[in-house]
Amino acid sequence: MSSDTRSTKEASAQRQYWLMKSEPDEASIDHLKAAGTLPWTGVRNYQARNFMRDQMRLGDGVLFYHSSCPEPGIAGLAEVSSAAYPDATQFDATSPYHDPKSKPEAPRWLHVDVRFVRKTRLLSLADMKRDPALTEMRTLQPGNRLSITPVSPQEWAHLLQLLA
DNA sequence: GCCAACGTTGGC
DNA sequence: GCCAACGTTGGC
């Protein structure tokens, strides 16, 4: 095996890191703590779905982010605890996430499960924007609207220090 | 509630 | 395949 192939394999097997946004009214870090594990239902964006389907692995690190609330920011840590599987809410006519165009034989929307790790202090969006070490963070890029974004190992390490 | 940015839809 | 209209996200 060439060293190139080996390093590619090692990289793909390595733990990856993600920032996942949730509206605390719907699912807060306290909900996750109480439940232990939550299915990350309701994602209706293809890029976010593809991250879950194609790139997330068991044990990947998750920054749990509160969005659309008085103080948006990172509120805790979690980890990916399942592979992607079909989102049941897409077939539920009573759900706000119902997608009449998705068929059970070809589910359009998938999600992973996320397991609680710990609550942290709230690291606000304003603090994150102010931090020179985070200027490249995907979720902070102008115009970003993705609810799931990759986090680099460097960003992850830096954020863990801030949240320790 | 506003609005900028972006994604999706559907007519052509 | 273009693109205008519309819907959604999410900070403020």
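All values reported here derive from a predicted model rather than from experimental measurement. Note: hydrogens, waters and symmetry copies are ignored here, and every other heavy atom, side chains too, is used. Letters A, B, ... are given to chains in the order of the sequence lines, protein chains preceding strands, and every chain is numbered from 1.
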Undergrad: So which nucleotide from dG10(B), dG10(C), dC12(C) ends up closest to the side chain of Lys129(A)?
TA: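 Nearest nucleotide to the side chain: dC12(C).
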Undergrad: Side-chain N or O of Lys21(A) less than 4.0 angstrom from OP1 or OP2 on dG10(C)?
TA: yes
Undergrad: Output yes when at least one side-chain N/O atom of Lys101(A) is less than 4.0 Å from OP1 or OP2 of dT8(B), else no.
TA: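 For dT8(B), OP1/OP2 do not have a side-chain N/O of Lys101(A) under 4.0 Å.
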Undergrad: Could you check whether any side-chain heavy atom of Tyr97(A) comes within less than 4.5 Å of a side-chain heavy atom of Val43(A), counting everything from C-beta outward?
TA: no
Undergrad: Could you state the CE-P distance from Met128(A) to dG10(C), rounded to the nearest angstrom?
TA: 13 Å
Undergrad: Check the distance between dG11(C)'s P and Leu140(A)'s CG and give it to me in whole angstrom.
TA: 10 Å
Undergrad: Check whether any side-chain heavy atom of Leu162(A) lies under 4.5 Å from a side-chain heavy atom of Asp131(A), and answer yes or no.
TA: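 Touching, per the 4.5 Å side-chain cut-off.
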Undergrad: Report yes if a side-chain nitrogen or oxygen of Tyr97(A) is closer than 4.0 Å to either non-bridging phosphate oxygen (OP1 or OP2) of dT8(C); otherwise report no.
TA: no
Undergrad: Calculate the interatomic distance between Asp127(A) atom CG and dG11(C) atom C1'; express it in whole Å.
TA: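 Checked: the CG to C1' distance equals 15 Å.
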Undergrad: Using atom CD1 of Ile74(A) as one end and atom P of dG11(C) as the other, report the distance to the nearest whole Å.
TA: 12 Å
Undergrad: State which of dT9(B), dG10(C), dC6(B) makes the closest approach to the side chain of Arg145(A).
TA: dC6(B)
Undergrad: How is Gln47(A) classified with respect to the nucleic acid when contacts are heavy atoms under 4.0 Å: base, sugar-phosphate, or nothing?
TA: sugar-phosphate
Undergrad: State, with a plain yes or no, whether a side-chain heavy atom of Leu77(A) is found less than 4.5 Å away from one of Leu160(A).
TA: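 Yes, close enough: below the 4.5 Å cut-off.
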Undergrad: Tell me whether the rings of Trp40(A) and Phe64(A) are parallel (<30°), tilted (30 to 60°) or perpendicular (>60°).
TA: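 The rings of Trp40(A) and Phe64(A) stand perpendicular, inter-plane angle above 60°.
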Undergrad: For a 4.5 angstrom cut-off between non-hydrogen side-chain atoms, does Pro150(A) reach Trp18(A)?
TA: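 They are in contact (side-chain heavy atoms under 4.5 Å apart), so the answer is yes.
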Undergrad: Which of these nucleotides, dT8(B), dC12(C), dG10(C), is closest to any side-chain atom of Tyr46(A)?
TA: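 Looking only at heavy atoms from C-beta outward on Tyr46(A), the closest nucleotide is dT8(B).
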Undergrad: Please report, rounded to the nearest Å, how far the C1' atom of dT8(C) is from the CZ atom of Arg49(A).
TA: 18 Å
Undergrad: Starting at atom CG of Asn144(A), determine the distance to atom C1' of dC6(B), rounded to an integer number of angstrom.
TA: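 Checked: the CG to C1' distance equals 10 Å.
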Undergrad: Can you check the Arg138(A) CZ to dG10(C) C1' distance for me, whole Å?
TA: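 Roughly 17 Å, once rounded to whole Å.
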Undergrad: More 5' along DNA chain C: Arg44(A) or Ala126(A), using each one's nearest nucleotide?
TA: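 The answer here is Arg44(A).
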Undergrad: Send over the distance from Leu146(A) CG to dA5(B) P, rounded to a whole Å.
TA: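 Result: 16 Å.
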Undergrad: Can you tell which of dG7(B), dG10(C), dG10(B) lies closest to the side chain of Asn45(A)?
TA: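 Minimum distance to the Asn45(A) side chain belongs to dG7(B).
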